[in-house]
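Counting starts at 1 for both ligands and their atoms, in listed order. All figures in this text were calculated on a predicted structure; none of them were measured in a lab.
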Amino acid sequence: MRVSLSIYFVLFLAVAGSALDAPKGPAVVTFKGLITQKNKADTAVLDAAMLDRLKTYTVKTVTPWYTGAQKFEGPSLQDVLKLVGATGKTLKIVALNDYAIEVPLEDAALYSPILARRINGVALTPRDKGPLFLVYPYDSKPELSTEKFYARSAWQIAVIEVL
Ligand SMILES: Nc1nc2c(c(=O)[nH]1)N[C@H]1C(S)=C(S)[C@@H](COP(=O)(O)O)O[C@H]1N2
Ligand SMILES: [Mo]
């Protein structure tokens, strides 16, 4: 009895440890560093389908980059961090244009930013800040409409390292 229970426990761990699907399409974003869910060597590669399976959130907000409020849609940063099992304190976000910025992990819970995939219903392409754009609800709290959070609002996100 003791032996068979141990076997089931080991099987459970094996399944739980490989819960992240392998990407079937091209990578949209790659997570590195302090993550527990991996699907390609030491990284978690997420494709469009994996991101689209998460709940979509809408953030309608004024930003420094567009005239008037715009509607952004995408998964919450919180849900994406949960998917990859992020355990660190800081996100080092690196964009396609090599822009890099460190964002405290706690921003995800404190401010509910999203990894925007669409603007006004249209997919964000690398030409216009896609495929992923970290958008905060700047209107919702005075501290968010500041240079500190604008700088954290990386667009064309390609790699996120959890530190
Ligand atoms: N990918 C990417 N995201 C970025 C930047 C950038 O150069 N590349 N600039 C950041 C900084 S420093 C700020 S303040 C805001 C606004 O940049 P902008 O004023 O050049 O539009 O976007 C942030 N996101
Ligand atoms: Mo900036």
Q. Counting heavy atoms only, which of Q156, K129, E147 is nearest atom 14 (S) of ligand 1?
A. E147

Q | Name of the residue among I157, L77, D107, L34 meeting side chain to side chain contact (heavy atoms under 4.5 Å, CB included) with L91 | A | L77

Q. Can you tell me which residue and heavy atom of the protein come closest to atom 11 (C) of ligand 1, and the distance to 0.1 Å?
A. Y99 OH, 3.5 Å

Q.
In this structure, does ligand 1 have an atom that sits under 4.0 Å from one of the heavy atoms of A154?
A. yes

Q | 4.0 Å protein heavy-atom contact status of atom 17 (O) of ligand 1, strictly under | A | yes

Q. If we only count heavy atoms from C-beta on, is the L115 to L51 side-chain gap below 4.5 Å?
A. no

Q: Check each heavy atom of W155 against ligand 1 and say whether those closer than 4.0 Å belong to the side chain, the backbone, both or neither.
A: both

Q: Give the numbers and elements of all ligand 1 atoms closer than 4.0 Å to a heavy atom of A95.
A: 1 (N)

(Q) As a test of understanding, state which of K71, Q70, K60 forms a side-chain hydrogen bond (donor to acceptor under 3.5 Å, both in side chains) with N120. (A) Q70

Q. Is ligand 1 under 4.0 Å from a heavy atom in the side chain of S153, in the backbone, in both, or in neither?
A. backbone

(Q) Donor-acceptor check, side chain of T146 to backbone of P142, threshold 3.5 angstrom: yes or no? (A) no

Q: Measure N97 to ligand 1 on non-hydrogen atoms and call it side chain, backbone, both or neither using the 4.0 Å cut-off.
A: side chain

Q. Are any of the side-chain heavy atoms of K32 and V94 separated by less than 4.5 Å?
A. no

Q) Are Y99 and W155 close enough that some pair of their side-chain heavy atoms sits under 4.5 Å apart? A) no

